[in-house]
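Since the structure comes first, as structure tokens, the remarks are kept for the end.
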Amino acid sequence: MSLNANAAPSGPAKVPLFMLASAAETSASAPPPGTPMWRLAAANLAAGATAGCAVELALYPIDTIKTRLQAMIGGGGLKALLQSGGGKGLYAGVWGNLAGVAPASAIFMAFYEPTKQAVQAEVSADKQYLGPVVAGMVAGTASSLIRVPTEVVKQRLQTGEFKGAITAIRTILGREGLRGMYAGYGAFMLRDLPFDAIEFVAYEQIKKAYGASVGRELNPGETSLIGAFAGGFTGVITTPLDVLKTRLMTQGASGRYKNLFDATVTIARTEGMGAFMSGWQPRLIWISLGGFVFFPVLEAAKKFYAPK
């Protein structure tokens, strides 16, 4: 999670992108006196959902390309994907995905702020960063109950297995049961939960090194660029877990992989270690650009939904 010079979360941060709403603690005008807490909470939830959906809409084609590259057994890269017609229908499943993004972001934000405040109240000033890191993990776990089924349906629509979200849900539940809706849950959590911690360390080290070289406090543009770089770096090194998640989520009832460990061994044995980096280029672009789309929209949405 990206932090500015005052240790307040900032900059493009984490995966999935709807969770960025929790990291954006920007200055906002004070609400009118007597504004009820539910109204403030509703405004924040609406702003986060709006910004999250904006990111999904803007960058969805890149995510689709990433998913299709990772789901290709035997690889072949972007050239093979385009030759097979995989460059078509890049918005497949977008509306069903947006239907899951909004409630998942609401759950995330409902858990994030109380957890962050509780942790920061218990640690010293030099360890305040633990608040957003722990809160991100707790809130991410809670929101995963909706996010994972949404991701399963989205990815199976992206690969062309189904034509619509309703058909996908009915078929998955009918053939695979509720377990099918949570396929790849372990890989999903392994990918997302350590993301913040890794990104935070990368961000802090890069920020310190750059700050020392220029000899001044960094401006918002510089911290955003460093945040994008840190996010992209973290996205690349967590690509193997993203590949495993995609394979488990898109295998359906084929039973190609029994579990996370079996998927790891099977892919390594049959496709080589290079397969674990499939789709790293679009993943890098998707994560790095996400914050640049998200934060301007978030600021505008906060002003729009704020109590008048």
Side-chain angles (χ1 to χ4, degrees), residues 1-3 9-20 23 55-56 58-82 86 90 132-133 136-137 140 147 151 154-155 158 184 186-210 222-250 260 263-264 267-268 271-295:
M1 183 173 295
S2 304
L3 302 182
S10 173
K14 55 204 286 187
V15 175
L17 288 172
F18 75 89
M19 293 162 72
L20 280 166
V55 171
E56 293 289 340
L59 303 181
Y60 197 82
I62 300 175
D63 183 50
T64 298
I65 292 173
K66 175 197 72 82
T67 297
R68 291 176 180 175
L69 286 171
Q70 292 179 343
M72 291 173 61
I73 307 298
L78 185 59
K79 182 178 180 180
L81 178 68
L82 295 175
L90 296 181
V133 172
M137 292 184 177
R147 188 60 186 173
E151 189 83 357
K154 179 195 75 171
Q155 293 202 321
Q158 287 177 324
F188 180 92
M189 299 302 289
L190 282 174
R191 182 200 68 176
D192 277 13
L193 292 187
F195 192 96
D196 274 339
I198 297 172
E199 185 183 28
F200 174 81
V201 172
Y203 177 85
E204 282 297 301
Q205 293 304 313
I206 296 170
K207 186 181 70 172
K208 288 179 181 178
Y210 182 75
E222 290 171 324
T223 56
S224 292
L225 287 173
I226 292 173
F229 183 85
F233 168 77
T234 310
V236 170
I237 65 174
T238 56
T239 294
L241 290 170
D242 195 48
V243 170
L244 289 167
K245 175 195 71 69
T246 297
R247 291 293 184 89
L248 289 167
M249 285 184 171
T250 59
L260 180 61
T264 304
I267 294 172
E271 303 175 55
M273 299 303 293
F276 290 107
M277 292 304 295
S278 298
W280 72 266
Q281 300 96 329
R283 179 167 166 79
L284 169 63
I285 296 171
W286 182 66
I287 293 174
S288 297
L289 290 181
F292 291 101
V293 176
F294 181 88
F295 285 104

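- The structure places CD of Q70 at 10.0 Å from CD of Q158, a figure rounded to the nearest 0.5 Å.
- Annotation: the span from L284 atom CG to L289 atom CG amounts to 8.5 Å, rounded to 0.5 Å.
- Separation of atoms NZ (K245) and CG (L260) is listed at 12.5 Å; rounding is to 0.5 Å.
- Here the closest heavy-atom approach between residue G232 and residue I287 is recorded as N-CG2, 4.2 Å.
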K66/D242 under salt bridge (charged side-chain N to carboxylate O under 4.0 Å, His left out): CA gap, chis, key distance, verdict: CA-CA 10 Å; K66 175 197 72 82; D242 195 48; 2.7 Å; yes
Stepwise side-chain contact (heavy atoms from CB on, under 4.5 Å) test for L90 and R68: CA-CA 10 Å; L90 296 181; R68 291 176 180 175; 3.8 Å; yes
List the steps, then state whether side-chain contact (heavy atoms from CB on, under 4.5 Å) holds for Q281 with I65. CA-CA 10 Å; Q281 300 96 329; I65 292 173; over 6 Å; no
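- Here the closest non-hydrogen pair linking R283 and T238 is NH2-OG1, 2.8 Å.
- Side-chain atoms of S288 do not come within 3.5 Å of backbone N or O of I285 as any donor-acceptor pair.
- Rounded to the nearest 0.5 Å, atoms OG1 (T264) and CG (L244) are 4.0 Å apart.
- Taking both residues in full, the closest heavy atoms of L69 and S278 are given as O-CB, 4.0 Å, listed atom of the first, atom of the second, then distance.
- From R247, atom CZ reaches atom CZ of F276 across 8.5 Å, with rounding to the nearest 0.5 Å.
- At a threshold of 4.0 Å, the pair K154-D63 counts as salt-bridged, since one of the basic side-chain nitrogens sits closer than that to a carboxylate oxygen.
- The line from CZ of R191 to CE of M189 is 10.5 Å long, rounded to the nearest 0.5 Å.
- Nearest heavy atom pair, residue L248 against residue A263, reads CD2-CB, 4.2 Å.
- Listed here is the closest heavy atom pair of I62 and P282: CG2-O, 3.2 Å.
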